[in-house]
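Quick caveat, the model's predicted, so the values are computed rather than measured. Just so it is clear: chains get the letters A, B, ... in the order the sequence lines come, proteins before strands, and each one is counted from 1.
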Amino acid sequence: MENVIGLADCNSFYASCERALRPDLAGKPLVVLSNNDTMVVAASPEAKALGIGLGEPLFRVQRIIKTHGGAFFSSNYTLYADLSQRVMEVLKRYVMRMEVYSIDEAFLCLSEFSDLDLPSYASSMREAVREEVGIPLSVGIGGTKTLAKAAVKAAKKSSGGVFDIRGQEEAVLAKLPVEDIWGIGRQYGRLLRRQGVDTALGFMRLPERWVLKHMTVDGFRTQQELKGFPCLSLQEARPPRKELVVSRGFGRVTERAEEIEEALCEYASLAARRLRREELVAREISAFIMTSPFRPGPQYVGIKSARFPERSASTVAFIRAMRSLLSGMYRPGYPYRKAGVILSDLGDCSVIQGNLFVSPAERREQQLLRAVDHLNDKYGTEVVRFGAVGLTQPWRMRREALSPHATTRWEELPQVNAS
DNA sequence: TCTGGGGTCCTAGGACCC
DNA sequence: TCTGGGGTCCTAGGACCC
C-alpha cells in the first residue's frame, strides 16, 4: 500500500484560540505574548500583515496593535490545551491512526484512503474543525512526514488550506528555502548555505556521505524522507516521558536568596503536581539559577542535583531538596533572572521499588498530597499551598493581559447577551 | 532582531573493566 | 610508522522541534 501521510496544523494556534472566544476581534490584529509578557509567541494573520513577527518585544508592537483596534493576550496554556484536545477529537473521526505531534499539529495516516480524493477529504476535515472548534486548520499531504511538513507550508499559502505535494515534489522543494525543511535548523541551515545549498532540492541532492558526516544520522534521515523513503514512523502512543521541567524568568531580577528559594519551591510544587497527575515518580531532582545572558555584567549559572532513595512525587520531599540545593549553589551579588527545577530518571508510580529506608510516615504523606491535589483540582486554582512558596511572591511573572479560562472554569464562562 | 518555556535525540570523549 | 584492543556506561554539549 502506498504510504501517505497528512499533517494537520492549526494556523497561528494560540492567536486563533483567543479569537475563538472573542468573535468581536474578527479581522483585527491579535498577538499572544510569552511568559512575563515579554515578546510575541503567536500572531494572527492580520498582525503578521502589519509586520509583527514572532519574537518581537511587546513594547515595539503595543502601539501598532492599539492603533489598529487589535488586542494582545498573555499566554493562557490551560485554554490552549483544552481547545487542542477538541481539535484532536475531531481529527480522530477521520482517520484510524494518528500521532498527536504537538499542541497544534497531528500526523495522520492516510494510506488506507489513498484511493479517495485526499485533498477533498482533507477539506471536509478542515471544515469540521472550523465549525466545531472555531480554529482554522491547514493540511499538507505527502509520502513521508517530512514531505507532509513541506506540503503544509504550501497549504498555508494556498486559499483552500490544503496541499498535496505528491507528484510535484521536486518543483515544490526547489522553491523551499533550505532552513525551512523540518529537521534543518539555524546551525545546519548556515552550514548548508556555506556549502552553496540554498533549497530543499539542493539538500536532497547532496552526497549522502557528506550529509552523514556533517549532520549525523538525523540529517541523513531527513534527506531520505525528502526523497520519499519513510524513516520516521507514526508514533501513535506517546513514548514515556523522560524528564519534566518547570522553569520561568522572574518578573524582575533579584539578588535575594529568600526570593529565589520561594520561586524554586513554587516550581518544585508545580512539578510535583504535574508528576502526580501523570502518575509518575522521579529518582532525581535538579535546580538551577541563572543571571540573564542577554544583559551586560557578570554572569553566573548554578545547577545542583540530588537523588532520592526511592522514586518520589512528594511536594514535601521536593521542597526540602530545593533548600539544600540552593544553599549549595547560591552566590550573593548577582542579579538572578531565571530559575528552574528538573525532574529526571522518571518511572511509573505503580511499579515503585520499595526501599527499606523510607518511613511509613512518608507513605502517609502521599495520601495527604492526593487530598491537596483533589482540592486544587476541584476549586480550580491553588487554594491549598505550601508556606515555602511565599505569599506576596514579588518574583512572580507578569501576566497582565490574561484571557479568561473560558472553557475550563465555570466562573469564567463567556457571557452571551441576546439583543 | 533579541532571545520563552518545555521537550528529545545524537555524538564525542572520558572512566573503567577485562 | 605508531600501537593493546574491545566493550560498556556516563556526561556534556550541540542540534533539533513546537
For [N], does OP1 or OP2 lie under 4.0 Å from any side-chain N or O of [X]?
{"X": "A/Arg248", "N": "B/dG4", "answer": "no"}
{"X": "A/Arg221", "N": "B/dC10", "answer": "yes"}
{"X": "A/Ser247", "N": "B/dG4", "answer": "no"}
{"X": "A/Lys149", "N": "C/dC17", "answer": "no"}

Figure out the [atom1]/[atom2] separation between [X] and [N], and round it to whole Å.
{"X": "A/Leu280", "N": "B/dG6", "atom1": "CG", "atom2": "P", "answer": "16 Å"}
{"X": "A/Asp180", "N": "C/dC18", "atom1": "CG", "atom2": "C1'", "answer": "15 Å"}
{"X": "A/Trp182", "N": "C/dC18", "atom1": "CH2", "atom2": "C1'", "answer": "11 Å"}
{"X": "A/Asp218", "N": "C/dG14", "atom1": "CG", "atom2": "P", "answer": "16 Å"}
{"X": "A/Glu284", "N": "C/dC10", "atom1": "CD", "atom2": "P", "answer": "12 Å"}
{"X": "A/Phe13", "N": "B/dG6", "atom1": "CZ", "atom2": "C1'", "answer": "16 Å"}
{"X": "A/His214", "N": "B/dA12", "atom1": "NE2", "atom2": "C1'", "answer": "16 Å"}
{"X": "A/Glu99", "N": "B/dT8", "atom1": "CD", "atom2": "P", "answer": "14 Å"}

Whether over 12 other heavy atoms sit under 6.0 Å from A/Glu131 CD
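Counting neighbours around CD of A/Glu131, 12 or fewer heavy atoms of other residues, nucleotides or ligands fall under 6.0 Å, so no.
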Expressed as a whole number of Å, how far does the P atom of C/dT3 sit from that of B/dC17?
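That atom pair is separated by 25 Å.
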With heavy atoms under 4.0 Å as the rule, sort [X] into base, sugar-phosphate or nothing.
{"X": "A/Val245", "value": "sugar-phosphate"}
{"X": "A/Glu56", "value": "nothing"}
{"X": "A/Ile184", "value": "sugar-phosphate"}
{"X": "A/Gly55", "value": "nothing"}
{"X": "A/Leu244", "value": "sugar-phosphate"}
{"X": "A/Ile181", "value": "sugar-phosphate"}

If you define the side chain from C-beta out and look only at heavy atoms, does anything of A/Met215 sit under 4.5 Å from A/Leu192?
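In short, these two side chains touch, coming nearer than 4.5 Å.
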Looking at side-chain heavy atoms only, is the closest gap between A/Glu258 and A/Glu261 below 4.5 Å?
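They are not in contact (no side-chain heavy atoms under 4.5 Å apart), so the answer is no.
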Of the options [options], whose atoms approach the side-chain atoms of [X] most closely?
{"X": "A/Gln187", "options": "C/dA15, B/dG4, B/dT8", "value": "C/dA15"}
{"X": "A/Tyr101", "options": "C/dC17, B/dC9, B/dC2", "value": "C/dC17"}
{"X": "A/Tyr188", "options": "B/dG7, C/dA15, C/dC18", "value": "C/dA15"}
{"X": "A/Glu105", "options": "C/dC18, B/dT8, B/dG4", "value": "C/dC18"}

Is a salt bridge present between [X] and [Y], judged by a nitrogen-to-oxygen distance below 4.0 Å?
{"X": "A/Glu46", "Y": "A/Lys28", "value": "no"}
{"X": "A/Arg248", "Y": "A/Glu266", "value": "no"}
{"X": "A/Lys149", "Y": "A/Glu225", "value": "no"}

Centroid separation under 6.0 Å, is that true for the rings of A/Tyr330 and A/Tyr336?
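Yes, close enough.
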Could you check A/Arg93, A/Arg126, A/Arg86 and say which one makes a salt bridge (Lys or Arg N to Asp or Glu O under 4.0 Å) with A/Glu132?
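Among A/Arg93, A/Arg126, A/Arg86, the one that satisfies the salt bridge (Lys or Arg N to Asp or Glu O under 4.0 Å) with A/Glu132 is A/Arg93.
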Fill in the dot-bracket string of DNA chain C, one character per base: . for unpaired, | for a pair to another strand, ( ) or [ ] for pairs within the strand, taking Watson-Crick or G-U pairs under 3.5 Å.
....||||||||||||||
Starting at the 5' end of DNA chain B and moving along, which residue's nearest nucleotide shows up first, A/Thr216 or A/Arg274?
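By nearest-heavy-atom nucleotide position, the 5'-most residue is A/Arg274.
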Give the ring-plane orientation class for A/Phe13 versus A/Tyr80, where under 30° counts as parallel, over 60° as perpendicular and anything between as tilted.
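Because their plane-to-plane angle is over 60°, the rings of A/Phe13 and A/Tyr80 count as perpendicular.
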Would you say the base of B/dT3 stacks on A/Phe294 (centre-to-centre below 5.5 Å, plane angle below 30°)?
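Check passed, A/Phe294 stacks on base of B/dT3.
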